[in-house]
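Treat the numbers as computed from the prediction; the structure is a model and nothing was measured. Residue numbers begin at 1 in each chain, while the letters A, B, ... track the order of the sequences.
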There are 2 protein chains.
Amino acid sequence: MLDYEKAISVAEQKCADRGIRFTRRRKQVLTVLIKADAALSAYEIAELCDAEDDSKMPAMSVYRILELLQDGNLIHRLELANKYVSCAHISCSHKHKQSQFLICDSCRHVEEIDLSSEAVDALQVAASAAGFNSISSQLEIKGWCAQCQPSSN
Amino acid sequence: MLDYEKAISVAEQKCADRGIRFTRRRKQVLTVLIKADAALSAYEIAELCDAEDDSKMPAMSVYRILELLQDGNLIHRLELANKYVSCAHISCSHKHKQSQFLICDSCRHVEEIDLSSEAVDALQVAASAAGFNSISSQLEIKGWCAQCQPSSN
DNA sequence: ACGTAAAAGATACACCATATCGTTTCAGCT
DNA sequence: AGCTGAAACGATATGGTGTATCTTTTACGT
């Protein structure tokens, strides 16, 4: 898990830079995502927020906040899993233009990885050959983590 | 688009081999998917079936039939798009253990491609390094086709 | 204190998908 | 030809994910 205090202060700074507030609700959502150290659905996030205190986090608010946090590159949305994860690089200086994820099809564990530029290039070459000028900067690959054996695909 | 007549006869044969029927409903769904030459949602398929004749194709039946066709390797389910496409290799002898797709994020056009084994290996190596023993035999990559320019990602 | 804009709340709804159970159809048998 | 059981289909309900829209609250500068 990444450094929580550092991540929150980075988030505060990023919001300040954007001229928006880092409100209690926004902090709640980001906190839940960081502390979970796993991919969560919007509704799971809402439930975990509710568990923190006795207020009621509406699912709508979660979606709005997730979008805002994503725009600030603080979190990522995994389209293959319909889940959200905190960015692995919030609290380090690492600037990644690309995001690549491995998603365990069994236990849903997620690893944010850095593909070699050779691998990315190979994908881009294949895409170009098939008439695709460019590929997304986010790549999601399903697989099976060390703890989980593949059953079928 | 692939050879429709050939594809249907292959489908008939495959169903016969599995000891199941190639019914009117099943033929309708496969026909729609082949003729559309594009990725369709289950509900879009139902609508297009309705447009063919004046019967009412229930969404439930579409899902059941899609699952059956997928088990027969006649179609693919695109998890990134929540859509379905006919397999590009129904009517040829090509046996592909793996499936790779490019999905245009703008117009939703889909290309089924064959990645070089080097590219696949590079992905597997990266996965292994991150603690993933194996990756899925189906890879889906979003991008932008020749007709569509990337706006954002 | 007050006005304004951002943020949050509330409700409704669209879309994708599955569960369950009742009904129809059809191949194979007598 | 009629019977029968399994396969196929139909119908309804429900769950998960996400968006649209409108109202209310909150925070901040003046």
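Put simply, the side chain of A:Cys145 does not reach to within 4.5 Å of the side chain of A:Ser106, judged on heavy atoms. The shortest side-chain heavy-atom distance between A:Ser99 and A:Glu112 falls under the 4.5 Å cut-off. Two residues are said to be in side-chain contact when any heavy atoms from C-beta on lie closer than 4.5 Å; A:His109 and A:Gln147 fail this criterion.
Taking atom NZ of B:Lys27 as the reference point, atom P of D:dC9 lies 14 Å away to the nearest angstrom. Distance CE (A:Met60) to C1' (D:dC22): 14 Å, rounded to an integer number of Å. In this structure, the CD atom of A:Gln70 is 11 Å from the P atom of D:dG18, given to the nearest Å. At whole-Å resolution of the value, CD in A:Glu67 and P in D:dT19 are 7 Å apart. Summarising the geometry, the separation between CZ on B:Arg26 and P on D:dG10 is reported as 11 Å, rounded to the nearest angstrom. Atom pair B:Asp50:CG and D:dG10:P shows a separation of 11 Å (rounding to whole Å applied). When rounded to the nearest whole Å, the span between CZ of A:Phe22 and C1' of D:dC28 equals 19 Å. Distance B:Met57 CE to D:dC9 C1': 10 Å, rounded to the nearest Å.
Using a 4.0 Å heavy-atom distance criterion, A:Arg24 is classed as making no nucleic acid contact.
Checked for salt-bridge contact, B:Lys142 and A:Glu79 meet the test: a charged N lies under 4.0 Å from a carboxylate O. Using a cutoff of 4.0 Å between basic side-chain nitrogens and carboxylate oxygens, B:Lys14 and B:Asp71 are not scored as salt-bridged.
Contact check, A:Asn82 against D:dG16: no side-chain N or O comes under 4.0 Å of OP1 or OP2. For the pair B:Arg21 and D:dC9, the criterion of a side-chain N or O lying under 4.0 Å from OP1 or OP2 is not met. Taking only side-chain nitrogens and oxygens, A:Tyr84 never comes nearer than 4.0 Å to OP1 or OP2 of D:dT17. Listed pair B:Ser61 / D:dC9 fails the phosphate criterion, with no side-chain N or O lying under 4.0 Å from OP1 or OP2.
Judged by closest nucleotide on DNA chain D, A:Tyr43 is the one of A:Tyr43 and A:Arg64 placed further toward the 5' end. Taking for each of B:Ala59 and A:Ile20 the nucleotide of DNA chain C with the nearest heavy atom, the 5'-most of the two is the partner of A:Ile20.
Close placement of the A:Phe101 and A:His76 rings is indicated, their centers lying within 6.0 Å of each other.
Side chains of A:Thr31 and A:Tyr4: a donor-acceptor N/O pair is present below 3.5 angstrom, by distance only.
Running 5' to 3' along DNA chain C, contacts with non-hydrogen atoms of chain A at under 4.0 Å begin and end at C:dA6 to C:dA12.
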